[in-house]
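Accompanying notes for the structure given below.
Indexing begins at 1, ligand by ligand and atom by atom, following the structure's order. Side chains included, hydrogens not; waters and symmetry mates left out as well; all remaining heavy atoms used.
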Amino acid sequence: MRYHLAPIYCRPWLLLGLSPKLIESHYENNYGGAMRRLNAITEQLESLDYAKTPGYVVNGLKRDQLIALNSTLLHELYFATLGGAQAGAVKPAGAFAEAVARDFGSFDRWRNEFVAMANAAAGGSGWILLVYVPRDRRLFNQSASEHSQAVAGGIPILALDMYEHAYHIDFGANARAYVDAFMRNIDWKAVQERYEDAAKVDPPRPLVQAEFGDLPGVGVEEVKAMIESGTRVQLIDARPRHSASREQDIVEGATWRDPEGVQEWAGELSKSDPVVVYCVYGFHVGCKAAIALRESGFDARYLKGGHFAWKALGAPTKRHVPT
Ligand SMILES: [Fe+2]
């Protein structure tokens with residue numbers, strides 16, 4: 001397959017403090033160069049007989065292809081970020097402005113972090129990116145060297161090129177002056193529109209256990225907060241005996257009960273306080289125990305992720321061997 005050039009997004013003659021000569025050289029030599037490299041590498045990969053090609057050749061070509069592909073994508077975003085005198089706004093507005101304030105504290109706080117990251121990259125090389133992460137529905141500033149360290153699943157909406165080729169024609173080694181000029185030329189209306197598009201992307205699909213219908217579950221963070229705040233909760237470890245014996249630890253504050261005999265121990269529980277029951281990973285055993293308890297009139301929920309989610313949270317456990 002072939003990758004195709006995008007036209008330059010910004011109008012170089014409208015930029016403030018960034019010369020058309022600089023933008024033209026950047027577009028032609030660095031963006032265009034990456035696109036030409038990307039197509040050459042891709043063609044070479046397509047011609048390989050993978051059964052006969054040494055691993056280091058495949059490894060090197062795939063690494064260079066990734067670098068070239070990300071370079072083209074980030075350069076397109078960089079040129080689309082620059083608006084110059086045509087830029088309609090000097091600051092974010094609308095839902096995007098609210099997201100910036102929510103995720104960074106304030107626009108000035110975002111700006112301070114972004115500029116500090118850019119200045120820290122001066123003299124080196126790399127990208128400074130504002131990225132929307134659908135998984136958490138939040139914005140995040142990141143540095144990316146080698147064109148290839150993008151946040152997995154993130155959608156970059158604003159890009160600053162800190163490779164020397166992006167500024168040396170106009171600014172020599174004065175990267176800080178280039179960063180100032182870049183910040184003055186951001187097309188906030190375009191960034192805002194990209195944010196609105198990115199915010200429509202759903203987070204990864206959550207775990208669904210259709211066989212347990214609408215059985216209520218509760219997350220480990222919520223349970224930990226309940227315990228820390230002194231909320232009364234009956235925490236039941238219902239891991240199968242062999243699992244609990246093998247791990248030899250238990251959530252602090254939990255009582256182990258054999259999931260094979262729910263009806264035998266259910267009578268020990270209070271119906272006035274909530275019950276959280278967990279198994280090893282939060283699948284069948286814990287869910288079935290929670291269902292049995294609910295059928296007996298208890299306010300029972302299963303713990304999402306079970307014992308290992310509790311441990312992955314770094315929450316306290318204690319030594320335990322089931323009797
Ligand atoms: Fe560049």
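In this structure S229 satisfies the side chain to side chain donor-acceptor pair (under 3.5 Å) test together with T231, sequence neighbours excluded.
Listed by first then second residue, pairs satisfying ring-ring contact (aromatic ring centres under 6.0 Å, His included) with a partner in residues 11-37 read H26-H75, H26-Y78, H26-F79, H26-H165, Y27-Y31, Y27-F79, not counting sequence neighbours. Residue pairs meeting the ring-ring contact (aromatic ring centres under 6.0 Å, His included) criterion with at least one member in residues 198-245, sequence neighbours excluded, are F212-H284.
Using a distance-only test at 3.5 Å, with no hydrogens or angles considered, a donor-acceptor pair links the side chain of K271 to the main chain of S296. Remark: side-chain polar atoms of S71 are not paired, donor with acceptor, to backbone N or O of I67 under 3.5 angstrom.
Between F96 and Y195, the angle of the ring planes lies from 30° to 60°, which puts this pair in the tilted group.
For the Fe ion (ligand 1), protein N, O or S atoms closer than 2.8 Å were enumerated as H26 NE2, H75 NE2, D161 OD2, H165 NE2, with waters left out.
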